[in-house]
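Labels below follow one simple rule: chain letters A, B, ... track the order of the sequence lines, proteins then strands, and each chain is numbered from 1. As a basis for the values below, the full set of heavy atoms in this structure was taken, side chains included, without hydrogen atoms, waters or symmetry mates.
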There are 2 protein chains.
Amino acid sequence: MSSSPQRKRIRKSPADRRAEIVDAAAAIALTEGLECITLRRIGEQLGVRPGLISHYFPAVEDLVAEAFGTAAGAELNTLLPADPATRSPTDRLARFFALATGAAYDDISRLWINARHLSRYRPALRDRVGHHEALWRGRLEDLVRDGVDCGEFRTADPYVTTIQILVVIDGLGAHANTEAADRPEVITRMAVSTAERELGLESGTLTRRSAALDAARGDAPAPPDPDGTPDPAQAPAAAHRVLP
Amino acid sequence: MSSSPQRKRIRKSPADRRAEIVDAAAAIALTEGLECITLRRIGEQLGVRPGLISHYFPAVEDLVAEAFGTAAGAELNTLLPADPATRSPTDRLARFFALATGAAYDDISRLWINARHLSRYRPALRDRVGHHEALWRGRLEDLVRDGVDCGEFRTADPYVTTIQILVVIDGLGAHANTEAADRPEVITRMAVSTAERELGLESGTLTRRSAALDAARGDAPAPPDPDGTPDPAQAPAAAHRVLP
DNA sequence: GATGCTATTGACGGCGCGACCAACGGGCAA
DNA sequence: TTGCCCGTTGGTCGCGCCGTCAATAGCATC
């Protein structure tokens, strides 16, 4: 019902259209993978001819990078809002782990794996990935420093601790495409445990806090609901070029 | 000098030819990526027509899976020889970390990222990746158990400890395509530190042991020297299809 | 040296992709 | 209402890929 085969052409402002394109691409990146960001695929999604996408992004690679940035940025803002709100660092960190652990985070893990691999062949994407790695690191490090400043956390080197946490998260996410679950609880909790250990928190602090937050939740900025595109179809169509 | 434009065709036994194809594919997987395993690319490498590759592997995906398996298997045998030889578990583990850390291991990290991502679209590869994850896990777990049995290591749950180590290694390797180095020493050592902590070893044990082994080295099964293909060219040619 | 099996060739069809461009026609400004 | 700018179309290249198949020619065997 969304689009009749022959729709009257709709003219939008460049800014709107561009945003629409990037959003659609980000949604596809998240659900189907960065390789599926294709002139034809995005055009179909928006009920628009492929050439139009080409018009806004003369080089598809730039759209891919942009889409990754949008998706990763949105997730980061969900997990670690730049605006600290009125919560304690411990609460914020607990919330972070609650959201960054479990199957709900799998799409994001997949996206990161996807992007880190594709970076091998796409310089523009590689830059964007590097940029967002720095963003995530910075945001988490700020949180750690806040916690240290107000006495909730204890660590000699917030920077190192931050990276340690991120390394474990990356390591846990590496299998998002291969092993679904069936991992011991201890492993699933590994990121939290690392944080608690390195921040001088009593074991269980972050998890208990997280459970409490779960109960009280409802004010969260909204979980993962990027855009339309309801179709998490797993088997797309065709090609993956190494160089465009 | 390797192949004149019009070579006399050479007829080999199916077994030999097949092995040759898989080896070439494995080498390309390691240096250029699994997406570069292409009928044409492999054929060119071997001075043979693409159709021949197709003859031995009617579905390219199977060759890709096979190539990954060969490369990953060879590396595993280098890092954790199935034949325990005459070394103590501590020595073997130290050697493992010495080889699995640093830039020399980057190609392998890249391969794993590559495979884990591509698994999303290629069932045959996904199976193979799962299989090799189990292999690596099993091999390392055996080593841990050996160490526990002979009193060198202490851990309540060898299985969990094994996975913890592997998670950290995966997390460290995740950036092989994006950030070259410039990581604090503490981070680079994170896998070793995790092992030492979880195995009840004094900090520095594995590194010192590794340095000693470095000095005495020369009998090692050979570092990373998989096959011919000397060309680590970074910018291949063209496409990557999602589904073949 | 002749014969036959089969490893190997060469050529083709079909696909999806990105890039390009001249022509069209919405919808805002005059 | 009219005119015109520019967002949008539709079609067309050329590319690299896989999969298929009859024809060719090594080479072992007799």
Side-chain angles (χ1 to χ4, degrees), chain A residues 3-21 25 28 32-65 67 118 121-122 124-125 235-244, chain B residues 3-21 25 28 32-65 118 121-122 124 235-244:
Chain A
S3 64
S4 52
Q6 198 65 349
R7 241 178 53 199
K8 188 168 184 296
R9 59 167 76 168
I10 298 179
R11 198 185 166 99
K12 301 197 175 182
S13 84
D16 286 356
R17 188 62 92 183
R18 192 189 160 93
E20 188 185 41
I21 291 174
I28 290 182
E32 304 175 30
L34 293 166
E35 289 85 347
C36 295
I37 295 180
T38 263
L39 299 185
R40 288 161 179 76
R41 183 71 186 78
I42 306 290
E44 179 197 25
Q45 180 95 7
L46 297 178
V48 141
R49 313 264 58 191
L52 186 58
I53 315 298
S54 226
H55 173 70
Y56 284 91
F57 291 89
V60 187
E61 180 177 352
D62 292 331
L63 174 56
V64 172
L118 212 55
Y121 305 116
R122 309 235 133 104
L125 179 59
H240 54 187
R241 262 184 270 172
V242 168
L243 277 194
Chain B
S3 66
S4 52
Q6 198 65 348
R7 243 180 52 200
K8 187 170 185 294
R9 59 167 77 168
I10 298 179
R11 200 185 165 97
K12 301 196 174 182
S13 84
D16 286 356
R17 188 61 92 184
R18 192 188 160 93
E20 189 185 39
I21 291 173
I28 290 181
E32 305 176 30
L34 294 166
E35 288 86 347
C36 295
I37 295 179
T38 265
L39 300 184
R40 287 160 181 74
R41 184 73 187 76
I42 306 291
E44 178 197 26
Q45 181 96 7
L46 297 177
V48 143
R49 312 265 61 194
L52 186 59
I53 315 297
S54 225
H55 172 71
Y56 284 91
F57 291 88
V60 188
E61 180 177 352
D62 292 330
L63 174 55
V64 172
L118 212 54
Y121 305 116
R122 308 237 134 103
H240 54 189
R241 261 183 271 172
V242 167
L243 276 193

dG16(C) OP1/OP2 closer than 4.0 Å to side-chain N/O of T38(A):
no
Tell me if a side-chain donor or acceptor on S13(A) pairs with a main-chain N or O of D16(A) at a distance below 3.5 Å.
yes
Below 3.5 Å is the cut-off: list the nitrogen or oxygen pairs between protein and nucleotides 28-30 of chain D, distance only.
none

Separation of atom CZ in R41(A) from atom P in dG18(C), rounded to whole Å:
12 Å
When you measure from the side chain of E61(A) to the backbone of A124(A), do you find a donor-acceptor pair of N or O atoms at a distance under 3.5 Å?
yes
Does a side-chain N or O from R49(A) land closer than 4.0 Å to OP1 or OP2 of dG10(D), or not?
yes
CD1 of I28(B) to OG1 of T38(B): how many Å apart, nearest 0.5 Å?
8.5 Å
Residues from residues 50-57 of chain B lying under 4.0 Å of DNA chain D - heavy atoms:
S54(B)
A side-chain contact here means heavy atoms from C-beta on lying under 4.5 Å apart; do L52(B) and R17(B) qualify?
yes
Between the protein and nucleotides 28-30 of chain C, list the N/O to N/O atom pairs that are separated by less than 3.5 angstrom.
none

Could you go through the side chain to side chain contact (heavy atoms under 4.5 Å, CB included) check for I37(B) and I42(B) one step at a time?
CA-CA 7 Å; I37(B) 295 179; I42(B) 306 291; 4.2 Å; yes
Under a 4.5 Å cut-off applied to non-hydrogen side-chain atoms, are E44(A) and R40(A) in contact?
no
Whole Å only: how far is the CZ atom of R18(B) from the P atom of dT6(C)?
18 Å
NE2 (H55(B)) and CD1 (I21(B)) are apart, to the nearest 0.5 Å, by 9.0 Å
Give the nucleotide from the list dT9(D), dG7(D), dC17(C) with an atom nearest to the side chain of R40(A).
dC17(C)
Between atom CD1 in I42(A) and atom P in dT8(D), what is the gap in whole Å?
15 Å
List the atom of A25(B), the atom of L63(B), and the distance in Å for their closest heavy-atom pair.
CB-CD1, 3.8 Å
How far does CD of Q45(B) sit from CD of E20(B), to the nearest 0.5 angstrom?
10.0 Å
How close do Y121(B) and G33(A) get, heavy atom to heavy atom, and via which atoms?
OH-CA, 3.3 Å
Residue R11(B), side-chain heavy atoms: nucleotide from dT24(D), dT6(C), dC6(D) that is nearest:
dT6(C)
Whole-Å distance between dT9(C) P and L39(B) CG?
13 Å
For the pair made of CD1 in I37(A) and P in dG18(C), what is the distance, rounded to whole Å?
10 Å
From CZ of R122(B) over to C1' of dC17(D), roughly how many Å is that when rounded to an integer?
11 Å
Minimum-distance nucleotide (side-chain atoms of V60(A) versus dA19(C), dC24(C), dA7(C))
dA19(C)
Figure out the OH/C1' separation between Y121(A) and dG16(D), and round it to whole Å.
15 Å
Name the closest nucleotide to the A59(A) side chain, picking from dG19(D), dA19(C), dT9(C).
dA19(C)
Answer yes or no: does a side-chain N or O of R17(A) lie under 4.0 Å from OP1 or OP2 of dT8(D)?
yes
How long is the line joining NZ of K12(B) and P of dC27(D), in whole Å?
11 Å
From I53(B) CD1 over to R18(B) CZ, what is the distance, rounded to the nearest 0.5 angstrom?
11.5 Å
